[in-house]
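Take a look at the structure set out below.
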Amino acid sequence: MTVLDRAQVDALLAQPDKVLFIDVRRADEISAIGSLPVFLNIQASELDRFRSAIPRDRQIVTISNHAGRAKRAAALLAQSGFQVAGAVGVQDYATQGGFLYGQKIVTPAIAGVVAADTRVEVIREGFEGTEGPVVLKDGSILFTENRADRIVRIAPDGSASTYLEKTGSANALALNAAGDLLAVQTAPSGVAVLQPKSRVLASSYAGKPFNRPNDLAAARSGNIYFTDPGGPAQAGSPPAKTAVYRLDPRGRVTPIADDVRRPNGIALSPDEKALYLANTAGEYLIAFTVRPDGSVADRRDFAKLAGFKATPNGPSSGADGITVDAEGRVYVATSVGVQIFAPDGKALGTIALAKAPQNLAFGGAERSHLYVVGRGSVYRIATLTRGVDRPGK
C-alpha cells in the first residue's frame with residue numbers, strides 16, 4: 001500500500017469533493033499530535049462494521065501516526081472494493097513541513113470579543129489560495145481560492161463546496177445593497193459583478209488599466225472602495241504604481257490615495273462614516289472620514305500594528321484583510337495573527353493562529369463566528385460579538 005508524502009497529501013487536500021480521509025487512531029492521539037480534515041475517526045477493528053457508511057465514489061486516504069496502522073486499514077478497504085489513494089503518517093507529514101490541525105489552538109480573553117481558551121477550529125486545509133471572504137444571508141461564507149480561479153462556500157456546519165468557477169481570478173468579494181456578488185479581478189484586472197449576471201464595472205483609470213486590484217468594500221450608498229497595490233516587483237524595474245480608488249454609482253473612478261506603499265485590505269465602519277485601509281508595508285492602520293457624498297477626507301494613522309519589522313523585501317507589518325463587528329471594533333489580519341482594535345484605535349488583543357492570516361469576515365447564522373482565511377487554511381472562532389447586519393463583510 002502506498003505511503004503518501006507531503007506533496008501527495010497536499011494535492012489530495014486540494015480536492016475536498018473527491019477525497020475522504022479516515023483516521024484510525026485513538027482520540028487522545030489526535031488531540032496530542034494533530035490530524036488532517038477527516039471524514040471519519042474510527043478504530044481499524046471497526047472498519048468492517050461501518051463499511052456501509054463510507055462513500056464509494058471518493059478516493060480514500062487512511063491516517064495513523066507513522067502509517068503502519070493506516071497501511072493495514074487501507075489494505076482492508078481496498079480488499080472491500082474502495083478506491084484507496086494511499087496511507088499517511090501524520091507525524092511524517094508534519095516533519096516534511098505539513099500543517100496538522102486537531103491540535104488545540106485557543107484564544108486569549110479579549111473583553112467583548114472572545115472568552116479565554118476559545119478553541120480556534122480549523123475548518124479545512126489545502127486550498128489553492130484563500131482570500132476575500134464574504135458572508136451570505138444564510139450565514140455561509142464565500143471565499144476565493146484564487147490560484148484555482150474558483151469561489152468556495154463554507155456552510156454553517158463547516159462543510160466545503162465549490163460555489164463558482166472561472167471567476168476572472170477574483171481575489172476578494174463583497175455584496176452590494178441589491179445582493180449582487182462583487183469581486184476585484186486580476187485576469188483581466190477590474191471590479192466586476194459576478195452574480196446574478198456577470199459584468200465589468202471598471203477596468204481602468206485615466207486611460208490606464210488597473211494593475212492588480214486586491215480588496216474592496218461596498219457601501220450601502222452604492223460606492224465601492226478598492227485597493228490596487230500593483231503587481232510583484234520586477235528586477236530592474238521601478239515598483240508598480242499603487243492606488244486606492246472609489247467607484248461611484250455612476251461608474252466614475254476617483255483616486256483616494258496614491259502614496260500608500262502597499263495598500264491592501266479595506267473596510268467600512270458599521271455606520272460607514274469611516275473607511276479603514278491596511279498598508280502591508282506600514283506600521284499603522286490608516287483611516288479616512290467618509291463624507292455624505294462618498295468622498296473621503298481627514299486621512300490619519302488609526303492604530304499601531306504589532307509585528308512591524310524589516311524584511312528582505314522591505315518593512316512590513318503583514319497587514320492584509322480587515323473586518324469590523326457591530327460594536328465598531330476593527331479586526332486586521334497581520335503577520336502576528338488577528339489584531340483587534342477598539343473604535344478609537346486602542347489595541348485590545350491579538351489572536352495568534354498556526355499560520356499568518358490573510359483575510360477575515362463574520363459569518364454563521366447570527367454572524368457570531370469569525371472566519372479567518374490564509375495560506376490555504378480556513379479557521380472559525382466563536383465570539384462574544386457579532387458582525388454588522390448589512391450586505392458584504
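- For the residue pair Ala257 and Val260, the shortest heavy atom distance occurs at CB-CG2, 4.1 Å.
- For the atom pair Leu173 CG and Asp215 CG, the distance stands at 9.5 Å (nearest 0.5 Å).
- From Leu201, atom CG reaches atom CD1 of Ile224 across 5.5 Å, with rounding to the nearest 0.5 Å.
- Using a distance-only test at 3.5 Å, with no hydrogens or angles considered, a donor-acceptor pair links the side chain of Thr383 to the main chain of Ser368.
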Can you check side-chain contact (heavy atoms from CB on, under 4.5 Å) on Arg300 and Thr289, steps first, answer last? CA-CA 9 Å; Arg300 58 202 181 272; Thr289 297; 3.3 Å; yes
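- Using a 4.5 Å cut-off between side-chain heavy atoms of Ile, Leu, Val, Met, Phe, Trp and Tyr, with links allowed through other members, Val84 and Leu20 fall into the same hydrophobic cluster.
- Under the 3.5 Å distance criterion, the side-chain polar atoms of Gln358 are left unmatched by any main-chain donor or acceptor of Ala333.
- Between the side chain of Gln96 and the main chain of Tyr93, no donor-acceptor pair closer than 3.5 Å is present.
- For the ring-ring contact (aromatic ring centres under 6.0 Å, His included) condition, no pair includes a residue of residues 6-51, sequence neighbours left out.
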Before you tell me yes or no, could you show the steps for Leu268 and Val324 under side-chain contact (heavy atoms from CB on, under 4.5 Å), namely the whole-Å CA-CA distance, both residues' side-chain angles and the distance that decides it to 0.1 Å? CA-CA 8 Å; Leu268 289 156; Val324 298; over 6 Å; no
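- No side-chain heavy atom of Gln185 sits less than 4.5 Å from a side-chain heavy atom of Thr167.
- Here the OG1-CG distance, from Thr144 to Asn171, works out to 5.0 Å after rounding to the nearest 0.5 Å.
- Residues Val24 and Ala73 approach most closely at CG1-CB, 3.8 Å, considering heavy atoms.
- One finds the CZ atom of Phe308 at 8.5 Å from the CG atom of Asn279 (value rounded to the nearest 0.5 Å).
- Interatomic distance, CZ of Arg220 versus CZ of Arg390, reported as 5.5 Å (0.5 Å rounding).
- Between the side chains of Arg6 and Thr95, no donor-acceptor pair is found at a separation under 3.5 Å.
- No donor-acceptor pair closer than 3.5 Å links the side chain of Gln339 to the backbone N or O of Leu305.
- Hydrophobic clustering, with ILVMFWY side chains joined whenever heavy atoms are under 4.5 angstrom apart, keeps Leu13 apart from Ile60.
- Other residues, nucleotides and ligands contribute more than 12 heavy atoms inside 6.0 Å of the CZ atom of Arg153.
- Taking all atoms of both residues into account, the shortest heavy-atom contact from Pro263 to Leu277 is CB-CD1, 4.1 Å.
- Looking at heavy atoms from C-beta onward, Gln8 lies out of side-chain contact with Val88 at the 4.5 angstrom threshold.
- Distance CG/Leu164 to CG/Leu181: 7.5 Å, rounded to 0.5 Å.
- A donor-acceptor pair is defined here as one N or O able to donate and one able to accept, closer than 3.5 Å; no such pair exists between the side chain of Ser140 and the backbone of Ala155.
- Among residues two or more places apart in sequence or in another chain, the side-chain contact (heavy atoms from CB on, under 4.5 Å) test is passed with Pro343 by Arg329.
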Walk me through whether Tyr225 and Val290 qualify under side-chain contact (heavy atoms from CB on, under 4.5 Å). CA-CA 11 Å; Tyr225 303 90; Val290 180; 3.6 Å; yes
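- Side chains of Val338 and Leu353 form a contact here, defined as non-hydrogen atoms less than 4.5 Å apart.
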If you look only at distance, which donor and acceptor atoms sit under 3.5 Å apart when one is on a side chain in residues 189-200 and the other is two or more places apart or in another chain?
unit_1: Ser189; atom_1: OG; unit_2: Asn211; atom_2: O; d: 2.8
unit_1: Gln195; atom_1: OE1; unit_2: Tyr163; atom_2: OH; d: 2.8

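- Heavy-atom minimum distance, Lys304 versus Glu283: CE-OE2, 2.8 Å.
- The heavy-atom pair separating Gly265 from Ile322 by the smallest distance is O-CD1, 3.5 Å.
- Taking the six-membered ring where the residue is Trp, the centroids of Phe143 and Phe127 are separated by under 6.0 Å.
- Residue Lys355 qualifies as enclosed at atom NZ: its count of foreign heavy atoms under 6.0 Å is above 12.
- Counting heavy atoms from C-beta outward, Asn146 and Thr186 have side chains that stay 4.5 Å or more apart.
- Under a hydrophobic-cluster definition in which Ile, Leu, Val, Met, Phe, Trp and Tyr are linked whenever side-chain heavy atoms come within less than 4.5 Å, directly or via other members, Phe362 and Val114 are assigned to the same cluster.
- In this view, Arg25 and Asp23, Glu29, Ile30, Ile33, Ser35, Ile63, Ser64, Asn65, Arg69, Val90 satisfy the side-chain contact (heavy atoms from CB on, under 4.5 Å) rule, not counting sequence neighbours.
- Counting all heavy atoms, side chain and backbone alike, Ser221 lies closest to Pro249 at O-CG, 3.5 Å.
- At least one donor-acceptor pair closer than 3.5 Å links the side chain of Arg367 to the backbone N or O of Val388.
- The shortest side-chain heavy-atom distance between Tyr331 and Val113 falls under the 4.5 Å cut-off.
- Thr242 places no side-chain N or O within donor-acceptor distance of the main-chain N or O of Pro229, the cut-off being under 3.5 Å.
- One hydrophobic cluster holds both Ile105 and Leu360 under the rule that ILVMFWY side chains link at heavy-atom gaps under 4.5 Å.
- In this model, no donor atom of one side chain and acceptor atom of the other lie less than 3.5 Å apart for Asp228 and Tyr245.
- Using a 4.5 Å heavy-atom cutoff, the side chains of Ser295 and Thr254 are not in contact.
- Looking at Val184 and Phe210, their side chains never come closer than 4.5 Å, going by heavy atoms from C-beta outward.
- The main-chain N or O of Thr385 is never found under 3.5 Å from a side-chain atom of Glu327 such that the two would form a donor-acceptor pair.
- The side-chain tip of Arg56 points at the ring of Phe82 from less than 6.0 angstrom away and within 45° of straight on.
- When the side chains of ILVMFWY residues are joined at heavy-atom separations under 4.5 Å, either directly or via intervening members, Leu36 and Leu40 end up in two distinct hydrophobic clusters.
- Using modelled atom types, one side-chain atom of Asp149 and one backbone atom of Ser169 make a donor-acceptor pair closer than 3.5 Å.
- Judged as a side chain to side chain donor-acceptor pair (under 3.5 Å), and not counting sequence neighbours, the contacts of Glu121 are Arg380.
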Evaluate Gln59 against Val61 for side-chain contact (heavy atoms from CB on, under 4.5 Å), listing each step before the verdict. CA-CA 7 Å; Gln59 294 187 79; Val61 175; 5.9 Å; no
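- Here the side chains of Ile351 and Ile110 are in contact, with some heavy-atom distance below 4.5 Å.
- Shown here are the side-chain contact (heavy atoms from CB on, under 4.5 Å) partners of Asp48, two or more places apart in sequence or in another chain: Arg51.
- Within the 3.5 Å criterion, the main-chain N or O of Glu128 finds a donor-acceptor partner in the side chain of Glu145.
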